Asks: 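Sending over a structure as structure tokens; questions will come in a sec.
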Number of protein chains: 2
Amino acid sequence: MAEHVMRQGSVSMTELAEIFEVSVMTVHRDLDLLESQGMVRKFRGGASAQASSVFESNIAYRKTAQTAEKEAIARHVVGLIEPGSSVMFDDSTTALAVARHLGEVTPLTVVTNFLEAIRLLAPVPGIRLMALGGEYYPTHDSFLGVACVDAVEAMNTDTVVVSTSAVSDRHAFHQEQEIVLVKRAMLASGTRCVLAVDHTKLDRVALHRVAPLEAFDIIVVDSRAPEEAIQRLRDRHHRVDVAEVTEP
Amino acid sequence: MAEHVMRQGSVSMTELAEIFEVSVMTVHRDLDLLESQGMVRKFRGGASAQASSVFESNIAYRKTAQTAEKEAIARHVVGLIEPGSSVMFDDSTTALAVARHLGEVTPLTVVTNFLEAIRLLAPVPGIRLMALGGEYYPTHDSFLGVACVDAVEAMNTDTVVVSTSAVSDRHAFHQEQEIVLVKRAMLASGTRCVLAVDHTKLDRVALHRVAPLEAFDIIVVDSRAPEEAIQRLRDRHHRVDVAEVTEP
DNA sequence: TAAATCTAACGCTAAAGAGTGTGAACTTGT
DNA sequence: ACAAGTTCACACTCTTTAGCGTTAGATTTA
């Protein structure tokens, strides 16, 4: 339904009800949900699409996108992590995919500001979990702000895994300032930094520069990235690992 | 079933299976659960009770105990909180009862290190949630340790609500050192400090002193506390509020 | 004011989840 | 080595929960 609103730009309630063969009440409920997630705007009689820049940074959307790629990247990243070491990661869905596999490399110390990852890892035996506090942001389901940056700066981990929404030949980018600050702090507090991005992020830019690519020791992309894009990254002396995507 | 193990001290598997009219398999599963929560010890053929001091500090036990009293205290404490102010509370089940009612006094800034409360409050509109990070302790379902103390010390809130496992005429007590350190830090960072304890905690002591009762501005107890115990607290110039318990 | 739209409440259905038992395979202690 | 005890995997039942529609009442717009 979200996709339809996106395509049309603006649709009426009754129209949506007919298309999806559901009652008007259901359309209301679903749109309320999408609106609370920042995916669409509601007005009397219908709903309109949000600017792409705002909903792309939204969890509900990010979770469903490029799952196969993220899964492949996650498996590769987990292979880079040694049992007994410490890992820090941010509030990206790619990192969440990594978190799902961390139970395989125990014992491990895990540090994150991502509430969903905390929920996921809290009951896992063999994982010493450290949460980064801060102000809770519902749109990201994570803790950000000054308190979080301070908490990051008080720590040091063997491996830091971050993902950003855009990567050019020279820099990693992200739209939101609060998140940029946290990611930067994380990069500064990791012995080894891994940038994990799927191919849709390559050759793009966003509002804020997070860091130059030199700040990362390893860049992991999925195998659906164009060969020449990978080559271009490698040309600038980066170690670029390609994770093989298996599923459709 | 836990109660039966407590009373008997030590019971065999088959005995438990007969008493509760369930299969031995189920007994195994339930005891595994209780053991993982630290309520009992398992050995080949049966299970034995834990020392009371260890299981009393355990969430699974604390959650089921004195719910009516905690509910009454919680309602009273919420009445002390003004909309628009900030509240910090610890990882006590009493505080959790308070958290359940915080949606009624929005807008509000809430600070806690208790994961269950974070889960509970994250989706509540009108609540600005700040999490205190730190090392995750499964037995308390909260974040403790140096990182947590540092995070607390970096903040200041209008009201601090804490509960302790024992209260004498002069001091508040708790068994665990990590928790004591966090509670102390909280007391130091609140403009107004509230001690919320049900009547079973009165006239008791535990291993560590948390703070003298003078450190608290208000002490809230439930109406099942003996009158003379309340009077004794009041004699020492404390403001003691009594929350009326309604349910059985 | 009338028509349209929105919200809240209730009950229904289908899917998900928790809890349990059975039998086979494995472990431990005597 | 054998018996008692334990664990695992699977299937079954029961409870819980999420999602949808209908109706009735409130709100908004023309």
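Throughout, protein chains are lettered first and strands after them, A, B, ... in sequence-line order, and every chain is numbered starting at 1. Please read these numbers as outputs of a predicted model, since none were measured by experiment. Scope of the values below: all heavy atoms of this structure, side chains included, with no hydrogens, waters or symmetry mates.
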Asks: Can you see whether A:His140 engages A:Glu178 through a side-chain donor-acceptor pair at a distance of less than 3.5 angstrom?
Replies: no
Asks: Would you be so kind as to tabulate the donor-acceptor pairs closer than 3.5 Å made by side chains of residues 105-113 of chain B, with sequence neighbours excluded?
Replies:
| unit_1 | atom_1 | unit_2 | atom_2 | d |
| --- | --- | --- | --- | --- |
| B:Thr112 | OG1 | B:Phe89 | O | 2.9 |
| B:Thr112 | OG1 | B:Phe114 | N | 3.1 |
| B:Asn113 | ND2 | B:Phe143 | O | 2.9 |

Asks: Can you measure from CZ (B:Arg119) to CZ (A:Arg119) and round to the nearest 0.5 angstrom?
Replies: 7.5 Å
Asks: If you look only at pairs with a residue in residues 34-43 of chain B, which of them pass as a salt bridge (Lys or Arg N to Asp or Glu O under 4.0 Å), with sequence neighbours excluded?
Replies: B:Asp32-B:Lys42
Asks: Of all nucleotides in DNA chain D that come within under 4.0 Å of a heavy atom of chain B, which is furthest toward the 5' end and which toward the 3' end?
Replies: D:dA4 to D:dC8
Asks: Tell me, please, which residues at least two apart from A:Ser10 pass side chain to side chain donor-acceptor pair (under 3.5 Å).
Replies: none
Asks: Considering residues at least two apart in sequence or located in another chain, which fulfil the side chain to side chain donor-acceptor pair (under 3.5 Å) criterion with A:Thr159?
Replies: A:Arg192
Asks: Return the set of residues passing side chain to side chain donor-acceptor pair (under 3.5 Å) with B:Thr14 (not counting sequence neighbours), or none when no residue passes.
Replies: B:Ser12
Asks: For A:Arg100 versus A:Leu120, what's the shortest heavy-atom pair and its separation?
Replies: CG-CD2, 3.7 Å
Asks: Using a strict heavy-atom distance below 4.0 Å, which residues from residues 26-33 of chain B are in contact with DNA chain D?
Replies: B:His28
Asks: Within the distance-only criterion (no hydrogens, no angle test), does the side chain of B:Thr157 pair as donor or acceptor with the backbone N or O of B:Val160 below 3.5 angstrom?
Replies: no
Asks: Atom pairs, N/O to N/O, protein against nucleotides 27-30 of chain C, distance under 3.5 Å?
Replies:
| unit_1 | atom_1 | unit_2 | atom_2 | d |
| --- | --- | --- | --- | --- |
| C:dT28 | O2 | B:Arg44 | NH2 | 3.2 |

Asks: Name every donor-acceptor pair, under 3.5 Å, that has one atom in a side chain of residues 122-138 of chain B and the other anywhere in the protein, sequence neighbours excluded.
Replies:
| unit_1 | atom_1 | unit_2 | atom_2 | d |
| --- | --- | --- | --- | --- |
| B:Arg128 | NE | A:Glu135 | OE2 | 2.9 |
| B:Arg128 | NH2 | A:Glu135 | OE1 | 3.3 |
| B:Glu135 | OE1 | A:Arg128 | NH2 | 3.3 |
| B:Glu135 | OE2 | A:Arg128 | NE | 2.9 |
| B:Tyr136 | OH | B:Asp141 | OD1 | 2.6 |

Asks: Write down the distance between CE (A:Met25) and C1' (C:dA9), rounded to a whole number of angstrom.
Replies: 10 Å
Asks: Please tell me which of A:Gly46 and B:Val22 maps to the more 5' nucleotide of DNA chain C, matching each residue to the nucleotide holding its nearest heavy atom.
Replies: A:Gly46
Asks: Test of understanding: with side chain to side chain donor-acceptor pair (under 3.5 Å), list the residues that count as partners of A:His101, not counting sequence neighbours.
Replies: A:Glu71, A:Glu104
Asks: Note the angle between the end axes of the helix from C:dT1-D:dA30 to C:dT30-D:dA1, five pairs defining each, rounded to 10 degrees.
Replies: 40°
Asks: Can you tell which of A:Val180, A:Leu181, A:Ile179 makes a side-chain contact (heavy atoms from CB on, under 4.5 Å) with A:Lys183?
Replies: A:Ile179
Asks: What's B:Phe20 touching, base or sugar-phosphate or nothing? Going by heavy atoms closer than 4.0 Å.
Replies: nothing
Asks: Taking salt bridge (charged side-chain N to carboxylate O under 4.0 Å, His left out) as the test, write out the residues that go with A:Asp30, two or more places apart.
Replies: none
Asks: Considering heavy-atom distances to DNA chain C, does A:Gly45 or B:Ser23 have its closest nucleotide positioned more toward the 5' end?
Replies: A:Gly45
